[in-house]
Amino acid sequence: MKQNRVPVIAIVGRPNVGKSTLFNRIIGRQDAIVHGTPGVTRDRHYELTDWNGCQFMLVDTGGYIPQSHDSVDAAVREQAELAIDEADAVLFVIDAGSGLTIAEQQITDHLKRSDKRCVLVINKADNPRTTQTVMADEQIYRLGLSDPVCISAISGQNVGDLLDRVLTLVGEGFLKSVDEIVYESNLLQLAVIGKPNVGKSSFVNAVTGENKLIVSDTPGTTRDSIHTDITFDGQRFRLIDTAGLRRRAKVKENIEFYSTLRTLKTIQECDVAVLLIDAVEGLADQDIRVLEEARQLKKGLLIAVNKWDLIEKDDKTYLNYERRLKQAIEPTTYVPVVFISSLTRQRVTRVLELAKRVYGERNKTISTSRLNRFLAEAIARNHPPAVRGKDIRINYITQIKSRPPVFALFSNEPALLPPNYRQYLEHRMRETFGFAGVPLSLTFRKKSKDRVA
Ligand code: GDP
Ligand code: GDP
């Protein structure tokens with residue numbers, strides 16, 4: 001069965017074999033095109049990228065190796081095993097200069113046990129002599145993996161062939177792009193996301209325990225998530241709860257990193273994601289990353305501050321909390337926030353009401369005539385500035401798609417339009433049409449009659 005998401009490809013291997021160099025080499029090319037937000041992605045070791053029209057999530061497993069000598073082997077192993085379990089295909093990197101060690105054998109054993117698709121990569125093949133020695137080393141073939149691909153991550157040599165090879169291995173089992181995600185009609189797929197222990201399963205239990213709704217008796221599960229189908233207030237919902245990691249991890253950062261990766265897989269399938277945060281602990285860095293990803297993927301969003309029962313409060317507490325939260329999640333401030341307790345069930349069905357509203361907003365279509373009336377008013381109120389002596393006109397707006405909404409605006413000089421004017425238009429659109437919890441895509445195009453035929 002085809003997965004409703006793009007594949008996850010992990011780069012695995014011992015420290016210093018060149019994993020990060022390879023990661024940067026692969027994402028470096030398309031970084032700006034796919035993400036368009038400089039600076040946010042550098043330190044996080046995963047990236048949605050593409051090769052030859054196929055998107056995939058690339059994961060660099062370097063980092064989080066404790067320095068103390070005797071635990072290094074165990075830590076490398078934990079890293080590699082978690083990554084292999086979470087990935088759909090693996091780039092297993094070894095170093096042409098230093099050949100095989102016990103770590104490579106252990107990684108191979110785990111790859112075989114987990115039956116994961118894998119390409120063996122010999123990196124640093126820029127030195128022909130050492131590469132020849134490695135290639136002649138029969139131990140490499142005794143691993144029983146695929147024929148190795150020799151690359152140089154530093155120069156980029158053969159990296160394209162490597163990507164061709166791994167994407168062929170992944171085959172037809174995944175989407176080629178997140179834009180191909182299949183949404184079932186009238187089924188609101190609600191991803192329940194958040195850090196481990198924030199209360200995701202308690203929330204799902206609290207919701208399904210409510211007698212106002214109908215729980216279907218055939219919950220489904222996938223490798224990454226648990227699905228529960230319910231009907232509430234006339235709307236069919238599928239609650240998607242990210243399953244916890246199956247493998248126990250000793251390093252705390254590993255648990256966070258691989259839980260986040262799982263969450264990203266889940267988010268791809270949903271219409272709306274509800275991010276649970278712990279009222280006492282507040283917003284964590286990984287929450288901000290997950291929000292950013294959901295925004296990039298154009299998902300509907302809302303935030304539920306859970307464990308609200310643990311907070312001592314007066315009538316202003318939630319307002320102050322919400323204000324600070326919105327400051328911390330700039331520019332995703334259009335997200336509705338609700339304060340809940342999965343323990344006492346306080347306001348848990350409010351989450352469903354809000355999710356339904358966001359779903360409706362994400363699916364809605366605004367007529368071209370209304371949009372153009374809006375545009376005329378917005379421009380009359382605040383005209384685009386002249387840039388380099390050129391008068392910028394925006395002549396026409398139309399919605400080219402919904403679920404998620406995308407608008408095209410036609411201008412004589414789209415490239416010159418300053419970012420703050422784009423923000424102004426988005427802001428006015430939200431004031432006029434709503435779109436609570438929904439990321440808006442405004443694409444600016446050259447007015448067609450100016451186009452060269
Ligand atoms: P990681 O720990 O596996 O992520 O390894 P890094 O990417 O940090 O690389 C370790 C060292 O190997 C760095 O000094 C890199 O510059 C170097 N290196 C990485 N790839 C190549 C390569 O293709 N050729 C050569 N000569 N050096 C490389
Ligand atoms: P998950 O890992 O996100 O699925 O979190 P769980 O649902 O397993 O909950 C983690 C812990 O938080 C459990 O001990 C829950 O009983 C507790 N918990 C969950 N929701 C609430 C809540 O609203 N209030 C309080 N006080 N505890 C909660």
Side-chain angles (χ1 to χ4, degrees), residues 4-5 82 85-86 187-232 235-249 252 254-284 286-287 289-291 293-294 299-311 337-356 358-359:
N4 202 14
R5 60 174 175 83
L82 280 162
D85 288 353
E86 295 308 313
L187 176 67
L188 193 173
Q189 309 223 49
L190 179 64
V192 181
I193 59 177
K195 292 194 307 179
N197 282 322
V198 68
K200 296 181 293 298
S201 33
S202 304
F203 170 74
V204 173
N205 287 338
V207 162
T208 51
E210 283 288 321
N211 51 17
K212 281 179 240 158
L213 46 79
I214 308 155
V215 181
S216 103
D217 50 13
T218 50
T221 43
T222 69
R223 222 172 64 90
D224 306 312
S225 57
I226 303 141
H227 294 180
T228 312
D229 288 357
I230 60 172
T231 304
F232 174 77
Q235 172 67 53
R236 286 168 62 229
F237 286 75
R238 174 161 299 155
L239 305 178
I240 312 174
D241 179 8
T242 314
L245 298 177
R246 279 165 306 163
R247 174 170 300 273
R248 281 231 293 278
K252 188 173 127 273
N254 277 339
I255 302 176
E256 287 182 0
F257 181 77
Y258 291 100
S259 305
T260 304
L261 192 62
R262 249 180 189 216
T263 303
L264 299 185
K265 286 194 255 181
T266 311
I267 290 176
Q268 287 182 38
E269 297 172 36
C270 78
D271 294 278
V272 180
V274 50
L275 175 68
L276 261 54
I277 64 173
D278 186 311
V280 179
E281 291 178 12
L283 198 71
Q286 74 191 95
D287 293 325
R289 283 179 190 177
V290 162
L291 271 180
E293 289 296 334
K299 302 302 184 178
L301 274 174
L302 61 116
I303 294 180
V305 181
N306 190 37
K307 311 196 185 179
W308 196 237
D309 54 289
L310 297 179
I311 297 282
V337 178
V338 56
F339 296 84
I340 68 167
S341 168
S342 300
L343 194 70
T344 68
R345 293 191 187 167
Q346 186 186 21
R347 284 186 288 271
V348 289
T349 53
R350 178 80 187 127
V351 174
L352 300 183
E353 287 163 17
L354 280 173
K356 186 179 167 189
V358 171
Y359 177 70

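Keep in mind the model is a prediction, meaning the values are calculated, not measured. No hydrogens, no waters, no symmetry mates; every other heavy atom, side chains included, goes into these values.
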What one should report as the nearest heavy-atom pair of G209 and R345 is O-NH1, 3.3 Å
Got L302 and L275 here, is their nearest side-chain heavy-atom distance under 4.5 Å? no
For a quick test of reading the model, state the closest non-hydrogen atom pair linking Q346 to W308 and the distance between them. OE1-CD1, 4.2 Å
Any donor-acceptor N/O pair, N306 side chain to V198 backbone, under 3.5 Å: yes
Looking at L82, is its backbone amide N or carbonyl O close enough to the side chain of D85 to form a donor-acceptor pair, meaning the two atoms are under 3.5 Å apart? no
How long is the straight-line distance from OG1 of T208 back to CG of D229, given to the nearest 0.5 Å? 12.0 Å
When you measure from the side chain of D271 to the backbone of Q189, do you find a donor-acceptor pair of N or O atoms at a distance under 3.5 Å? yes
Nearest-0.5 Å distance, CZ of residue R238 to NE2 of residue H227: 6.5 Å
L264 side, atom CG; T242 side, atom OG1 - distance, nearest 0.5 Å: 9.5 Å
Scanning both residues in full, the closest heavy-atom pair of S342 with G199 reads OG-O, 4.0 Å
In terms of heavy-atom contacts, L190 and A355 come closest through CD1-CB, 3.9 Å
Salt bridge between K265 and E86, side-chain N to carboxylate O under 4.0 Å? yes
To the nearest 0.5 angstrom, please state how far the CD1 atom of I311 sits from the OG atom of S341. 11.0 Å
Are side-chain N/O atoms of D309 and T344 paired as donor and acceptor at under 3.5 Å? no
Which value, rounded to the nearest 0.5 Å, describes the distance between I240 atom CD1 and I226 atom CD1? 11.5 Å
Atom of L188, atom of K356 and distance for their closest heavy-atom approach: CD1-CA, 3.7 Å
Donor-acceptor pair, side chain of K299 and main chain of Q268, under 3.5 angstrom: yes
Thinking salt bridges, do R350 and E353 make one under a 4.0 Å N-O criterion? yes
Quick one: does T349's side chain get under 4.5 Å of F232's, heavy atoms only? yes
So do F237 and L187 actually touch side chain to side chain, heavy atoms under 4.5 Å? no
Is the shortest side-chain heavy-atom distance between V204 and V192 below 4.5 Å? yes
Presence of salt bridge, E269 and R5, under 4.0 angstrom: no
Quick check: do Q235 and Y359 have side-chain heavy atoms less than 4.5 Å from each other? yes
With a 4.5 Å limit on heavy-atom distance, are the side chains of V274 and I303 in contact? no
Quick check against the 3.5 Å criterion: does K200 have a side-chain atom that pairs as donor or acceptor with the backbone of G194? yes
Do the side chains of I193 and I267 get nearer than 4.5 Å, heavy atoms only? yes
Give, for atom OG of S201 and atom CG of L239, the distance between the pair rounded to the nearest 0.5 Å. 12.0 Å
Taking every non-hydrogen atom, the tightest pair across G282 and D287: O-OD2, 4.1 Å
Start with the C-alpha distance between V338 and V305, add both sets of side-chain angles, then the distance that settles side-chain contact (heavy atoms from CB on, under 4.5 Å), and finish with yes or no. CA-CA 6 Å; V338 56; V305 181; over 6 Å; no
Indicate yes or no: at least one non-hydrogen side-chain atom of V358 is less than 4.5 angstrom from one of L301. no
Between K307 and E281, is there a side-chain N and carboxylate O pair less than 4.0 Å apart? no
